[in-house]
Amino acid sequence: MKMKDKEISLLSAKMNDMMAQMDMMMQLMQKNIAANHLLVLPANHRASNSALHAASLRGLIGDTNESELAAFISYALAFPHNFLALVDTYNVMRSGLPNFCAVALALNDLGYKASGIRLDSGDLSYLSIESRKFFHAIEKEFCIAGFGKTAIAASNDLNEETLDALNKQGHEIDTYGIGTHLVTCYSQAALGCVFKLVEINNQPRMKLSEDITKVSIPCKKRCFRLYGREGFPLVDLMIGVNEPPPMVGDRILCRHPFIESKRAYVVPQHVEELLKCYWPGNSHETREELPSLQDIRNHCMQQLQKMRSDHMRRINPTPYKISVSGRLYDFIHFLWLNEAPVGELQ
């Protein structure tokens, strides 16, 4: 059941008020004004309970990601009875959890109860325990009965070994989301594929996570395979769509997307572009006809036959290198530092 128009307006007003109050409180805190003065506001600027709650949370935690907060608000507006937030997009303790609590407090003011949070990466045992402590602190601080029992769900390729390890370590997880390992087993492996948004309205977007393997590479890209003298592929190189493509004989800097020390110059003897756009995404533009499944399979097998044998062996294969250009590397880390919340130690 969705909210009524009047309730949507009320929640929107509360959240707008809350976000404005957050910024005001942070500015005051930076000037070292005493905490008891933070809530002494003129009569025409008094915040709702949820806004004051959020301001207190912001003061305790520090900066959170505002786009994440905006996403939580939109989700709560659409599903006020089933608001269960994925809190590890940026940082669980510094951003996801306080943003969830801010929205949950606003929902509580309107008579709704948030369903809970979902953890999908990182140390599930530690994060669930710390989240439970956080919920109990909110319940005590703001006198909201039952908030400490807010549900905590966990996912991320869980299997029986993971569940056994969690039980031995101790945790505060209420619900497990098990998918891949529920319908497949190790002898019948599944291919895990995930869709990641890298650009919207020509604005590069990047998923951040405490798990480095889940951090995405932003912006629209082109991808090239660089071959060496012996005819084998050396490395796949991603570049921004507006960068000049790599050329045969050029000395090209190839960098690991996230590890600064992993880099190498490559002088390719052959360059092959890997990505081809069959449909630009606009309904009025012509779509190219896709190859048949048999043609796709044949192309895949031909590509595998070009690889060095040590990349293809079943036991301890040599990892094949995937890299980015120097310009794309710089942009990834610029965007990362700008979007990642900054922690605060007290």
Side-chain angles (χ1 to χ4, degrees), residues 62-63 65 88-96 120-124 126-127 156-157 192 194 196-199 204-275 303 306-345:
D63 245 353
N65 187 280
D88 64 351
T89 300
Y90 296 96
N91 184 289
V92 174
M93 301 307 299
R94 295 176 184 171
S95 184
D120 191 49
S121 62
D123 187 331
L124 298 179
Y126 168 79
L127 291 173
N156 190 21
D157 285 335
V194 182
K196 299 292 185 185
L197 184 70
V198 297
E199 189 171 289
R205 305 309 302 159
M206 181 180 189
K207 173 182 168 58
L208 301 183
S209 173
E210 295 176 16
D211 183 350
I212 193 67
T213 62
K214 293 192 173 186
V215 176
S216 63
I217 298 175
C219 77
K220 190 184 295 184
K221 296 174 287 292
R222 297 174 70 183
C223 188
F224 297 86
R225 182 159 290 164
L226 310 185
Y227 291 79
R229 290 197 186 104
E230 297 179 355
F232 294 114
L234 297 175
V235 62
D236 286 357
L237 175 69
M238 287 181 280
I239 67 172
V241 71
N242 295 319
E243 292 186 55
M247 304 296 291
V248 170
D250 285 353
R251 190 167 180 256
I252 302 163
L253 177 62
C254 298
R255 305 200 63 165
H256 188 285
F258 307 115
I259 303 176
E260 186 176 16
S261 61
K262 290 190 174 183
R263 53 189 177 169
Y265 283 105
V266 177
V267 181
Q269 304 304 304
H270 173 62
V271 176
E272 178 184 6
E273 186 161 10
L274 299 180
L275 296 181
Q303 292 294 313
K306 294 179 181 179
M307 304 299 290
R308 287 203 322 254
S309 59
D310 59 304
H311 290 308
M312 301 302 297
R313 62 191 177 207
R314 292 180 61 85
I315 305 299
N316 195 29
T318 303
Y320 183 73
K321 294 179 178 61
I322 308 295
S323 63
V324 298
S325 65
R327 189 185 301 180
L328 182 55
Y329 173 89
D330 291 339
F331 180 72
I332 290 168
H333 289 262
F334 169 80
L335 190 61
W336 196 347
L337 290 176
N338 276 275
E339 291 292 333
V342 180
E344 182 175 328
L345 302 177

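What you see is a predicted model, and the numbers here were worked out from it, not measured in a lab. Quick note: numbers below take in every heavy atom, side chains included, and nothing from hydrogens, waters or symmetry partners.
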Could you tabulate the donor-acceptor pairs under 3.5 Å formed by side-chain atoms of residues 239-250, not counting sequence neighbours?
{"from": "Glu243", "atom 1": "OE1", "to": "Ser325", "atom 2": "OG", "distance (Å)": "3.0"}
{"from": "Glu243", "atom 1": "OE2", "to": "Gly240", "atom 2": "N", "distance (Å)": "2.8"}
{"from": "Glu243", "atom 1": "OE2", "to": "Ser325", "atom 2": "OG", "distance (Å)": "2.9"}

With the side chain counted from C-beta on, respond yes when Ile332 and Ile217 share a heavy-atom pair under 4.5 Å apart, and no when they do not. yes
Not counting sequence neighbours, which residues clear side-chain hydrogen bond (donor to acceptor under 3.5 Å, both in side chains) with Thr213? List them please. Asp211
With sequence neighbours left out, which residue pairs that include part of residues 322-331 fulfil the salt bridge (charged side-chain N to carboxylate O under 4.0 Å, His left out) condition? none
Hey, could you give me the CG/CG distance between Asp120 and Leu127, rounded to the nearest 0.5 Å? 11.5 Å
Contacts of Tyr90 meeting ring pair (Phe, Tyr, Trp, His ring centres under 6.0 Å) (sequence neighbours excluded), chain-then-number -> none
Using side-chain hydrogen bond (donor to acceptor under 3.5 Å, both in side chains) as the criterion, list what pairs up with His270, not counting sequence neighbours. none
Separation of Leu335 CG from Leu337 CG (nearest 0.5 Å): 9.5 Å
Among all residues two or more places apart in sequence or in another chain, which pass the side chain to side chain contact (heavy atoms under 4.5 Å, CB included) test with Arg314? none
Taking all heavy atoms of Met238 and all of Leu328, pick out the closest pair and write down the distance. O-CD2, 3.7 Å
Partners passing side chain to side chain contact (heavy atoms under 4.5 Å, CB included) against Lys321 (at least two apart in sequence or in another chain): Val235
Run the side chain to side chain contact (heavy atoms under 4.5 Å, CB included) test against Ser216 and tell me which residues pass, sequence neighbours left out. Lys196, Met206, Lys207
Could you list all the side chain to side chain donor-acceptor pair (under 3.5 Å) pairs where at least one residue sits in residues 217-236, not counting sequence neighbours? Arg222-Glu273, Arg225-Asp236, Arg225-Gln303, Tyr227-Glu272, Asp236-Tyr320
Could you state the interatomic distance from CE (Met312) to NZ (Lys306), rounded to the nearest 0.5 Å? 13.5 Å
For a 4.5 angstrom cut-off between non-hydrogen side-chain atoms, does Phe224 reach Pro268? no
Taking side-chain hydrogen bond (donor to acceptor under 3.5 Å, both in side chains) as the definition, give me every residue that meets it alongside Arg263, ordered by chain and number, with sequence neighbours left out. none
Holding to side-chain hydrogen bond (donor to acceptor under 3.5 Å, both in side chains), I want the full list of residues that pass it with Asp157, two or more places apart in sequence or in another chain. none
Between side-chain atoms of residues 251-260 and protein atoms elsewhere (two or more places apart, or another chain), which donor-acceptor pairs fall under 3.5 Å?
{"from": "Arg255", "atom 1": "NH2", "to": "Glu260", "atom 2": "O", "distance (Å)": "3.1"}
{"from": "His256", "atom 1": "ND1", "to": "Phe258", "atom 2": "N", "distance (Å)": "3.0"}
{"from": "His256", "atom 1": "ND1", "to": "Ile259", "atom 2": "N", "distance (Å)": "3.1"}

